[in-house]
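Report on the structure given below.
Nothing here was measured: the structure is a model prediction, and the numbers come from that model.
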Amino acid sequence: MLDTLGSLEKTHSCGELRETDVGKKVVLMGWVAKKRDFGVLTFIDLRDRDGVTQIVVSEETDLDAHEKAKALRGEYVVAVRGEVFSRAEGTHNKRLATGDVEVHVHELLILNDAKTPPFELEKMGSQNLASEDLRLKYRYLDLRRPTLQHNIRMRAKAVRAIREYMDGLGFTEIETPILLKSTPEGARDFIVPSRIHTGKFFALPQSPQILKQICMIAGLDKYYQIARCFRDEDLRADRQPEFTQLDVEMSFANQEMVYRVIEGMFTAVLRLIGVELPNPFPRMTYAEALRRYGSDKPDLRFEMELQDLTENLRGTDFAPFASVLENKGEIKALVVKGKADYSRKTTDELQEFVKRYGAGALAWIKLGEETTSSLLKVLGEAKIAELATAAGAEKGDAVLIVAGKKSTVAAALGALRLEVAKRENLIDRSLYKPLLVTEFPMFEYNDETGQFDAAHHPFTSPMDEDLEKFRTAIEDETQHHLLGEVRAKAYDAVLNGYECAGGSIRIHQKEIQALNFKALGLSAETARTRFGFFLDALEYGTPPHGGFAAGIERTCMILCGTENIRDVMAFPKTASAQDLMMDSPGDVDNAQLKELGIKIAG
RNA sequence: GGGGGUGUAGCAUAGCGGCUAAUGCGCCUGAUUGUCGAUCAGGUCAUCGCGGGUUCGAGUCCCGUCAUUCCCGCCA
């Protein structure tokens with residue numbers, strides 16, 4: 001027989017009672033995390049969102065309550081009325097925030113019973129969690145775990161800190177529609193059919209890009225939004241089909257003004273975990289980041305920069321290297337400190353690893369008691385020694401070498417750098433290293449189409465310094481390749497190797513915009529159909545403007561110290577974009593489809 | 001679209017060609033006055049993901065498939 005709550009109200013949470021509360025009459029409510037039954041004395045660990053408090057029920061003093069306590073099982077929902085006592089000498093529990101006290105119960109109400117959970121919730125000190133798919137199916141149980149409770153609330157705090165910060169700078173929070181038309185980002189859209197307009201579809205926003213620019217044209221001057229975004233692309237550990245970003249746009253802004261907003265925002269958010277970021281953030285151009293770290297989002301929590309051996313190997317007879325150099329490729333290396341003892345097995349594994357990024361092979365030099373190298377036979381001892389010195393390696397180090405196309409070498413060694421850091425535990429997890437990466441390229445060459453695509457998006461402004469090059473490349477057919485060298489007023493904010501924000505200064509003049517469409521191979525007509533309303537708007541006095549978008553989940557992952565985006569979302573989807581709790585996406589019945597005028601092919 | 005890992009009781013794991021598939025936790029019953037990963041005694045729980053193949057014999061080897069996860073492509 002279950003009890004009713006009646007007018008009973010809890011006086012404290014299960015995480016807040018302390019020594020100073022001793023003697024207070026309290027009412028606590030929560031879930032039974034654990035019961036320890038000693039016959040005439042029963043202990044209950046009572047858990048709510050704030051923590052765990054030990055409840056003591058004694059047969060001698062409270063027969064009724066004790067009778068009920070005996071019947072309790074895990075996850076039963078109870079209310080207790082009792083008095084706070086200091087714990088006896090030697091029975092304090094340092095692992096509980098409330099471990100100095102306990103509540104002696106006089107009245108116990110069983111508000112609800114519970115089935116035995118399909119998996120054990122997180123216990124203090126427990127390691128082996130149930131598999132993630134099971135926990136996702138019973139997300140409401142998984143969310144009871146202290147870790148996830150903490151993450152969800154940390155996320156709420158982060159979002160609130162962001163709102164306070166943006167509001168303090170005079171930005172206006174503006175909601176934009178979820179049902180809109182396809183925007184020009186490169187991702188696949190989620191499509192929503194319309195009953196009223198049979199055969200027509202809305203698209204969910206991949207980001208509010210165009211609308212925030214429209215807000216600038218509308219004279220709103222400073223816009224921000226905590227915006228949900230949708231992309232129908234494959235998932236990753238830090239990617240979900242729907243995610244949230246802080247979307248910001250400001251008028252009459254140059255890069256420096258945007259950087260200051262980004263820096264201030266991340267600084268405010270990181271203070272939530274007691275971290276003070278440098279002011280201003282360190283900066284690096286895109287080209288420098290790629291050259292030194294092989295990545296446009298370098299993790300600066302450890303050194304191990306890429307070393308260029310290209311010039312040392314120019315003119316080599318070794319055919320694989322010679323052909324790389326002939327094709328304007330490069331040869332670079334990583335020095336792994338103190339790892340001359342890497343086994344053949346390890347270097348083989350690392351070779352397999354870099355092959356995933358398109359590298360042909362991984363050459364190595366080990367400066368152990370003797371110097372050994374996979375290249376010893378083909379290059380000779382003297383050359384090997386020269387390469388090791390050029391790479392900055394010392395006795396005891398290993399040198400890992402990749403040759404190939406510039407982009408391949410960067411991708412392979414950039415990834416290998418992270419892999420080695422992980423294997424060798426080189427990352428100090430107490431560090432928080434932000435970086436502004438600037439001067440992103442304006443265009444990316446697309447091997448498949450033979451055309452240049454927008455690296456950021458088609459409204460990104462070229463750098464003033466590269467405007468001449470930009471014009472020449474478009475107006476002179478023979479100079480088209482110069483597009484690859486044009487830099488944009490585009491930037492990313494990187495934190496601990498995660499791309500946490502990105503943005504640009506936009507084009508606000510229609511002449512430059514027209515040139516850009518031409519560069520992208522978009523005819524005037526196509527541009528018209530795709531962005532007509534926006535092009536119209538551009539002609540009515542568009543102010544210079546720019547902004548950025550910051551990933552809320554990625555930022556929260558860093559705040560919470562997790563590498564799994566699902567740990568910072570209340571209801572995430574699996575890697576195959578399914579919700580295991582709701583079992584979505586699901587079928588709809590034929591009547592619904594008919595009403596929408598949709599037929600499923602096949 | 002491609003590649004790697006995982007799938008054995010409610011949960012986490014072991015078993016990797018040969019007796020009745022093992023251990024811990026959970027769960028159930030009982031004992032128990034200070035525990036907090038309680039303890040003790042007893043008990044319960046398995047189409048070894050699914051389908052096919054090899055073999056005298058398959059949880060174990062092979063092929064396929066499904067689920068999940070990580071990565072490449074993709075996602076500015």
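Counting non-hydrogen atoms under 4.0 angstrom, L134(A) reaches the backbone sugars and phosphates but no base. Among the heavy atoms of the strands lying under 4.0 Å from D37(A) is at least one base atom, whether or not backbone atoms are also near. R73(A) comes within contact range of the sugar-phosphate backbone alone, with a heavy-atom separation under 4.0 Å but no base atom that close. S576(A) comes within 4.0 angstrom of the backbone, heavy atoms only, and of no base. Contact annotation for A88(A): no contact, since no heavy-atom pair falls under 4.0 Å across all strands. The residue D234(A) sits close to a base: some heavy atom pair falls under 4.0 Å. Across all strands shown, F440(A) has no heavy atoms under 4.0 Å from either base or sugar-phosphate atoms. E499(A) comes within 4.0 angstrom of nothing in the nucleic acid, heavy atoms only. The residue A454(A) sits apart from the nucleic acid: no heavy atom pair falls under 4.0 Å.
Across all strands shown, G17(B) has no partner, as no Watson-Crick or G-U wobble contact with both distances under 3.5 Å is found. Nucleotide A67(B): paired with U6(B) (Watson-Crick or G-U wobble, both distances less than 3.5 Å). The partner of C74(B) cannot be assigned: no Watson-Crick or G-U wobble pair with both contacts below 3.5 Å exists in any strand. The base-pairing partner of C40(B), taking Watson-Crick or G-U wobble contacts with both distances under 3.5 Å, is G30(B). With both pairing distances under 3.5 Å, U35(B) is matched to nothing as a Watson-Crick or G-U wobble pair. Pairing for C11(B) goes to G24(B), judged as Watson-Crick or G-U wobble with the two contacts each under 3.5 Å.
Remark: F353(A) pairs with Y357(A) by the ring-ring contact (aromatic ring centres under 6.0 Å, His included) rule, at least two apart or across chains.
Between Q578(A) and U68(B) there is a side-chain N or O to OP1 or OP2 distance below 4.0 Å. The side chain of T91(A) contributes no N or O atom lying less than 4.0 Å from OP1 or OP2 of U35(B). Regarding contacts with the backbone of G26(B), a side-chain N or O of K34(A) is found under 4.0 angstrom from either OP1 or OP2. Residue R566(A) places at least one side-chain N or O closer than 4.0 Å to OP1 or OP2 of C70(B). Listed pair R236(A) / G73(B) fails the phosphate criterion, with no side-chain N or O lying under 4.0 Å from OP1 or OP2.
Atom CG in N564(A) sits roughly 9 Å away from atom P in U69(B) (whole-Å rounding). For the pair I55(A) CD1 and G34(B) P, the interatomic distance rounds to 19 Å; values are reported in whole Å. Protein atom CZ of F43(A) is 13 Å distant from nucleotide atom P of G37(B), rounded to whole Å. For L41(A) and A38(B), the CG to C1' distance is 12 Å, given to the nearest whole Å. Rounding to whole angstrom units, CD of residue E444(A) and C1' of C75(B) are separated by 11 Å. Rounded to an integer number of Å, the gap from H104(A) NE2 to G34(B) C1' is 10 Å. Whole-Å rounding puts the D238(A) CG to U69(B) P distance at 14 Å. Here the C1' atom of nucleotide G34(B) and the NZ atom of K35(A) are 17 Å apart, to the nearest Å.
Side-chain to base pairing of E102(A) with G34(B): one donor and one acceptor N or O lie within less than 3.5 Å of each other. Counting distance only, with no hydrogens placed and no angle test, the side-chain atoms of R87(A) and the base atoms of C36(B) include a donor-acceptor pair under 3.5 Å. With hydrogens and angles ignored, a donor-acceptor pair closer than 3.5 Å exists between the side chain of R239(A) and the base of C75(B). For A76(B), its base sits under 3.5 Å from the side chain of H456(A) at one donor and acceptor pair at least.
Going from the P atom of C45(B) to that of C28(B) covers 15 Å, rounded to whole Å. For C11(B) and C19(B), the P atoms lie 26 Å apart once the distance is rounded to whole Å. Spacing between C74(B) and U13(B) at atom P, rounded to whole Å, works out to 34 Å. Atom P of A58(B) sits at a distance of 32 Å from the matching atom of G2(B), rounded to the whole Å.
S343(A) and T346(A) form a side-chain donor-acceptor contact under 3.5 Å, judged by distance and modelled atom types alone. Between the side chains of D247(A) and Y223(A), a donor-acceptor pair is found at a separation under 3.5 Å. In summary, the side chains of H106(A) and E83(A) do not present any donor paired with an acceptor at a separation below 3.5 Å, with no hydrogens or angles considered.
Nearest to the side-chain atoms of L136(A) among the listed nucleotides G34(B), U69(B), C75(B) stands U69(B). Looking at the side chain of L580(A), the nearest of the listed nucleotides U68(B), A76(B), C71(B) is U68(B). Candidate nucleotides G34(B), U35(B), A76(B) were compared by shortest atom distance to the side chain of R36(A), and U35(B) ranks first. Closest to the side chain of S131(A), from the set C36(B), A67(B), A12(B), is A12(B). Here the side chain of Q54(A) is nearest to one of G10(B), A76(B), C36(B), namely C36(B). When the nucleotides A76(B), A12(B), U68(B) are ranked by their closest atom to the side chain of S207(A), A76(B) comes out on top. Nearest nucleotide to the side chain of N93(A), out of C11(B), U68(B), C36(B): C36(B).
R506(A) places a side-chain heavy atom less than 4.5 Å from the side chain of E249(A).
Taken from CG in L17(A) to CG in D50(A), the straight-line distance is 10.5 Å, to the nearest 0.5 Å. To the nearest 0.5 Å, atoms CD1 (I262(A)) and OH (Y259(A)) are separated by 7.5 Å. Distance check, rounded to the nearest 0.5 Å: CD of E553(A) to CD of Q240(A) gives 8.0 Å.
If P117(A) and R356(A) are placed on RNA chain B by their nearest nucleotide, the residue sitting closer to the 5' end is P117(A). Toward the 5′ end of RNA chain B lies the nearest nucleotide of K70(A), the other residue of the pair E132(A) and K70(A) mapping further downstream.
For F38(A) and U32(B), the ring-to-base geometry does not satisfy the stacking test (centroid distance below 5.5 Å, interplanar angle below 30°).
Between the R554(A) side chain and the E499(A) main chain, a donor and an acceptor come within less than 3.5 Å of each other.
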